[in-house]
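Notes follow the structure.
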Amino acid sequence: MKKETRAVVYDDELRIEAYGFEGIVRPFPNHFHEHYVIGFVEAGERVLSCRNRTYTIENGSIILLNPGDNHACVQTDERTFDYCGFNISNEIMLDLAGEITGKRELPGFSKNVVRDEEAACHLRSLHEMMMKGTGGVSI
């Protein structure tokens with residue numbers, strides 16, 4: 001069985017935290033965050049419960065969590081779970097929304113799980129750059 005590892009980095013330029021979990025077998029109990037979470041599944045399969053809905057997440061699934069979204073995640077089989085994500089504070093999300101839309105208002109994700117191969121590819125590239133600290137990251 002693959003050894004469980006967790007890694008976290010903070011990018012001072014983007015002011016965003018990136019993290020990665022590999023080899024996870026334990027469930028994530030019901031909890032919430034006070035920040036936005038954008039993540040993607042690299043390997044394994046789990047059942048995610050969020051906002052009274054249940055999703056099967058697997059390689060390529062993108063997870064979108066608003067601040068305060070209660071969620072839990074449990075294994076569906078014997079495989080380990082690999083997941084990468086970004087934590088984005090409300091203040092940074094306000095700045096980003098202002099740059100993109102011209103309105104400094106917090107957005108809300110209407111869907112918690114999406115499948116978009118192109119978006120997952122871009123998230124993976126950004127995540128790899130941030131974890132390696134290669135700099136020159138632009139969104």
Side-chain angles (χ1 to χ4, degrees):
M1 180 162 64
K2 193 160 118 176
K3 183 181 176 188
E4 186 175 298
T5 60
R6 298 169 188 241
V8 180
V9 300
Y10 182 80
D11 187 288
D12 289 321
E13 185 178 343
L14 294 176
R15 300 177 294 155
I16 293 174
E17 184 177 75
Y19 60 95
F21 302 147
E22 291 183 7
I24 304 298
V25 294
R26 288 178 273 166
F28 293 101
N30 191 39
H31 65 287
F32 68 92
H33 306 278
E34 294 181 0
H35 51 265
Y36 288 87
V37 175
I38 299 174
F40 56 97
V41 178
E42 288 282 74
E45 183 178 292
R46 292 237 167 164
V47 172
L48 172 73
S49 301
C50 185
R51 295 192 317 205
N52 298 316
R53 295 200 57 190
T54 302
Y55 306 90
T56 299
I57 56 173
E58 58 193 352
N59 186 21
S61 296
I62 297 173
I63 314 302
L64 304 168
L65 300 174
N66 299 296
D69 281 351
N70 283 311
H71 58 286
C73 192
V74 296
Q75 279 183 248
T76 58
D77 58 21
E78 302 301 316
R79 293 182 291 168
T80 60
F81 186 65
D82 295 354
Y83 173 81
C84 299
F86 304 96
N87 293 332
I88 306 170
S89 71
N90 290 353
E91 187 62 30
I92 298 307
M93 191 61 90
L94 279 169
D95 292 346
L96 293 171
E99 286 179 33
I100 294 167
T101 67
K103 295 180 183 177
R104 202 166 184 276
E105 297 175 357
L106 286 175
F109 298 125
S110 57
K111 294 183 179 181
N112 294 111
V113 177
V114 296
R115 301 258 329 157
D116 183 322
E117 222 173 280
E118 185 177 350
C121 183
H122 291 298
L123 289 172
R124 186 175 296 107
S125 294
L126 175 61
H127 189 268
E128 287 173 4
M129 285 189 286
M130 288 180 67
M131 295 304 284
K132 291 177 183 174
T134 56
V137 177
S138 62
I139 296 180

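Keep in mind it's a predicted model, so treat the numbers as computed, not measured. Residues: numbered from 1 along the sequence shown.
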Margin query: List the residues meeting ring-ring contact (aromatic ring centres under 6.0 Å, His included) with His35, not counting sequence neighbours, and say none if there are none.
Written below: His33
Check: If you take all heavy atoms of Tyr19 and His127, which pair is closest and at what distance?
Finding: O-NE2, 2.7 Å
Next item on the list: Look at atom CZ of Arg115 and say whether more than 12 heavy atoms of other residues, nucleotides or ligands are closer to it than 6.0 Å.
Entry: yes
Check: How many angstroms lie between atom SG of Cys73 and atom CG of Asn30, to the nearest 0.5 angstrom?
Finding: 11.5 Å
Next item on the list: Give, for atom NZ of Lys111 and atom CZ of Arg53, the distance between the pair rounded to the nearest 0.5 Å.
Entry: 8.5 Å
Next item on the list: Give the minimum heavy-atom separation between Met93 and Pro107, together with the two atoms involved.
Entry: CG-CD, 3.6 Å
Check: Are Phe21 and Val37 joined in one hydrophobic group, where the rule is that I, L, V, M, F, W and Y side chains link up if heavy atoms are under 4.5 Å apart?
Finding: yes
Next item on the list: Might you work through the side-chain contact (heavy atoms from CB on, under 4.5 Å) test for Glu42 and Cys84, ending with a clear yes or no?
Entry: CA-CA 7 Å; Glu42 288 282 74; Cys84 299; 3.9 Å; yes
Next item on the list: Kindly determine whether Glu4 and Arg26 satisfy salt bridge (charged side-chain N to carboxylate O under 4.0 Å, His left out), including the steps that lead there.
Entry: CA-CA 10 Å; Glu4 186 175 298; Arg26 288 178 273 166; 2.3 Å; yes
Checklist line | Tyr83-Phe28 aromatic ring centre distance below 6.0 Å | finding: no
Item checked: Atom pair CD1/CG of Ile88 and Leu94 - distance to nearest 0.5 Å -> 12.0 Å
Checklist line | For Ala97 against Glu105, the heavy-atom pair lying closest together | finding: CB-O, 3.3 Å
Note to self: Would a single hydrophobic cluster contain both Phe40 and Ile38, if residues Ile, Leu, Val, Met, Phe, Trp and Tyr are joined by side-chain heavy-atom contacts under 4.5 Å?
What the structure shows: yes
Next item on the list: Looking only at non-hydrogen atoms, find the nearest pair between Asp11 and Met130 and report the distance.
Entry: CB-CE, 3.5 Å
Next item on the list: Quick one: pull up CZ in Arg104 and CG in Leu96 and give me the separation to the nearest 0.5 Å.
Entry: 10.0 Å
Notebook entry, point to check: Per the side chain to side chain contact (heavy atoms under 4.5 Å, CB included) rule, which among Leu106, Asp69, Ile16, Ile92 passes with Tyr36?
Noted result: Leu106
Check: Which atoms form the tightest heavy-atom contact between Pro67 and Asn90, and what is the distance?
Finding: CG-OD1, 3.2 Å
Note to self: Looking at Asn112 and Leu64, would you say the former's side chain and the latter's main chain have a donor-acceptor pair under 3.5 Å?
What the structure shows: yes
Item checked: Thr56 side chain reached by Glu45 side chain, heavy atoms, under 4.5 Å -> yes
Check: Same cluster or not: are Val41 and Val8 linked, directly or through other Ile, Leu, Val, Met, Phe, Trp or Tyr residues, by side-chain heavy atoms under 4.5 angstrom apart?
Finding: yes
Next item on the list: Quick one: closest heavy-atom pair of Leu123 and Phe86, and the distance?
Entry: O-CZ, 3.6 Å
Margin query: In this structure, would Leu48 and Ile24 fall into the same cluster of hydrophobic residues linked by side-chain contacts under 4.5 Å?
Written below: yes
Next item on the list: Indicate, with yes or no, if Tyr55 and Phe109 share a hydrophobic cluster defined by side-chain heavy-atom contacts under 4.5 Å among Ile, Leu, Val, Met, Phe, Trp and Tyr.
Entry: no
Item checked: Qualifying residue for side chain to side chain contact (heavy atoms under 4.5 Å, CB included) with Val113, from Ile62, Ile57, Leu65, Thr54 -> Ile57
Check: Do side-chain atoms of His71 reach the backbone of Phe32 as a donor and acceptor pair under 3.5 angstrom?
Finding: no
